[in-house]
2 protein chains.
Amino acid sequence: MSTLKVRVEQKKLERAAYVLKCVAHPVRISIIDLLEQRERLTVSQLQEVLQVEQSLLSHHLTNMRDKGVVDTQRQGKHVYYSLTDSAITNIISCINGCKNF
Amino acid sequence: MSTLKVRVEQKKLERAAYVLKCVAHPVRISIIDLLEQRERLTVSQLQEVLQVEQSLLSHHLTNMRDKGVVDTQRQGKHVYYSLTDSAITNIISCINGCKNF
DNA sequence: GGCGTACATGAAAATATGTTCATGTATAAG
DNA sequence: CTTATACATGAACATATTTTCATGTACGCC
């Protein structure tokens, strides 16, 4: 009963919670799912598939970008979004892999 | 550009977000980390390691239990908590595996 | 039954998140 | 330089989550 302690350091814990919180939303999970399929997508393309208000989508994307989950590149009038780290996608696989859910 | 769609069904999306939200908190990630190490732990044991208010911990645990992330068994005065699904722990490995974080 | 320990619960307060709506900015085309 | 398109931003509001504090309940022991 002695050597029990939290193995993840505080900073990483907070970072993990921060990122997970960012993933934990139906619209954002969908965005990740789509970016997993297509490498990079414009806001309009995402919007067409997701059928959400433009500004709402934009807020979510900005949120995800701020948290380092997605990257952007502007190309003319369009802004392309892509996943910064494919490991993020594993999280969703994990969830899907959970038998009890 | 035609066959792009969200592969995860709506119900599962919401369930995933629900569970991820439940994981996405420093205290709760710590709880999962500890239960990964010890199989089952009482509230007092968790409290001793985590150094949080008893009632706060209890709220978090009830939350996690309601969402099916942990299970409980009472044994005399003590209540033991354990993870219902080891796949949950993978989520944390995923996070740790993310290079960009 | 009374007491202490272990844990749960509920309401209120503090804080964070999600959504909408109106407006702003960048770029390309004419 | 005007206009349309693509996207971002900010403030206001709605809703959800987190935390605290006070109190409640279950169990074992005397």
Side-chain angles (χ1 to χ4, degrees), chain A residues 1 4 10 13-32 34-35 38 40-83, chain B residues 1 4 6 10 13-32 34-35 38 40-82:
Chain A
M1 116 117 237
L4 182 65
Q10 191 60 26
L13 268 179
E14 266 149 29
R15 180 72 193 148
Y18 190 68
V19 173
L20 283 172
K21 240 185 256 180
C22 175
V23 177
H25 188 286
V27 169
R28 293 188 301 252
I29 294 178
S30 301
I31 292 170
I32 291 169
L34 293 170
L35 290 176
R38 198 71 59 153
R40 61 181 212 148
L41 289 165
T42 66
V43 181
S44 329
Q45 289 176 317
L46 287 166
Q47 198 186 344
E48 194 192 344
V49 181
L50 296 175
Q51 300 273 84
V52 294
E53 281 249 30
Q54 182 268 318
S55 85
L56 179 58
L57 180 55
S58 195
H59 277 303
H60 279 304
L61 288 169
T62 303
N63 181 331
M64 293 170 88
R65 185 190 172 174
D66 288 350
K67 286 169 185 165
V69 173
V70 295
D71 255 349
T72 58
Q73 348 160 221
R74 179 175 274 276
Q75 202 157 312
K77 280 196 297 186
H78 296 276
V79 175
Y80 283 94
Y81 279 84
S82 54
L83 293 173
Chain B
M1 117 116 236
L4 182 64
V6 180
Q10 192 60 26
L13 269 178
E14 267 149 29
R15 182 69 193 149
Y18 190 69
V19 173
L20 282 171
K21 239 186 256 180
C22 176
V23 176
H25 189 284
V27 168
R28 294 190 299 254
I29 295 178
S30 301
I31 291 170
I32 292 169
L34 293 170
L35 290 175
R38 197 71 61 153
R40 62 181 212 150
L41 289 165
T42 66
V43 180
S44 329
Q45 289 176 317
L46 287 166
Q47 198 186 344
E48 195 192 343
V49 181
L50 296 174
Q51 299 274 84
V52 294
E53 282 250 30
Q54 182 269 316
S55 86
L56 178 57
L57 180 55
S58 196
H59 277 304
H60 279 304
L61 288 169
T62 304
N63 182 330
M64 294 170 87
R65 186 191 171 174
D66 288 350
K67 285 170 184 163
V69 173
V70 294
D71 254 346
T72 57
Q73 348 157 222
R74 179 174 275 277
Q75 204 157 311
K77 281 195 297 186
H78 296 276
V79 175
Y80 283 93
Y81 279 85
S82 54

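Keep in mind it's a predicted model, so treat the numbers as computed, not measured. Computed from heavy atoms alone, side chains included, the values below leave out hydrogens, waters and symmetry copies. Each chain gets a letter, A, B and so on, in the order its sequence line appears, and its residues count up from 1.
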- Message: Taking atom types as they are modelled, would you say the side chain of Gln54(A) forms a donor-acceptor pair with the base of dA6(D) within the 3.5 Å cutoff?
- Response: no
Between CG of Leu57(A) and C1' of dT9(D) the distance, given in whole Å, is 14 Å
* To do: Just call it for Ser55(B): base, sugar-phosphate, or nothing, with non-hydrogen atoms closer than 4.0 Å on any strand.
  => base
Glu53(B) has its side chain closest, among dT20(D), dG18(C), dC21(C), to dT20(D)
- Message: Applying side chain to side chain contact (heavy atoms under 4.5 Å, CB included) to Leu41(B) and Val49(B), what does each step give before you reach the verdict?
- Response: CA-CA 11 Å; Leu41(B) 289 165; Val49(B) 181; over 6 Å; no
Gln47(B) atom CD is separated from dA6(C) atom P, nearest whole Å, by 10 Å
>> What I want to check is whether the side chains of Arg38(B) and Gln45(B) have a donor and an acceptor closer together than 3.5 Å.
In response: no
Can you establish whether the number of heavy atoms outside Arg40(B) located under 6.0 Å from its atom CZ is more than 12? yes
The answer to which of Ala24(A) and Lys77(A) contacts DNA chain C further toward the 5' end, by nearest nucleotide, is Ala24(A)
With the side chain defined as heavy atoms from C-beta on, Leu56(B) is closest, among dT19(D), dA6(C), dT19(C), to dT19(D)
With the side chain defined as heavy atoms from C-beta on, His59(A) is closest, among dA26(C), dC21(C), dG10(D), to dG10(D)
Here the distance between atom P of dT19(D) and atom CG of Leu50(B), to the nearest Å, is 12 Å
note: Tyr18(B), atom OH; dT15(D), atom C1'; distance rounded to Å ~ 16 Å
At less than 4.0 Å, is any side-chain N or O atom of His78(A) found next to OP1 or OP2 of dA8(D)? Yes or no. no
Closest of dG28(D), dT19(D), dA16(C) to the Lys21(A) side chain is dA16(C)
Point to revise | Distance test, side-chain N/O of His60(A) to OP1/OP2 of dT19(C), below 4.0 Å | key: yes
Of dA22(D), dA26(D), dC21(C), the nucleotide closest to the side chain of Arg74(B) is dA26(D)
Rounded to whole Å, CG of Leu61(A) lies from C1' of dG18(C) at a distance of 14 Å
Legend entry - Short side-chain N/O contact from Arg28(B) to OP1 or OP2 of dT18(D), under 4.0 Å: yes
Derivation of the side chain to side chain contact (heavy atoms under 4.5 Å, CB included) call for Ile31(A) and Val69(A): CA-CA 11 Å; Ile31(A) 292 170; Val69(A) 173; over 6 Å; no
Taken to the nearest whole Å, NZ/Lys67(B) to C1'/dT18(D) is 11 Å
**Report entry** side-chain N/O Tyr81(A) vs dA8(D) OP1/OP2, d < 4.0 Å
**Finding:** yes
Whole-Å distance, Glu48(A) CD to dT5(D) P, equals 16 Å
Checklist line | Under 3.5 Å: donor-acceptor pair, side chain of Arg74(A), backbone of Gly76(A) | finding: yes
Closest to the side chain of His25(B), out of dT9(C), dT19(D), dA8(D), is dT19(D)
Whole-Å distance, Asp66(A) CG to dT9(D) P, equals 8 Å
Quiz item: Under the 3.5 angstrom rule, does the side chain of Arg28(A) hit a backbone N or O of His60(A) as a donor-acceptor pair?
Solution: no
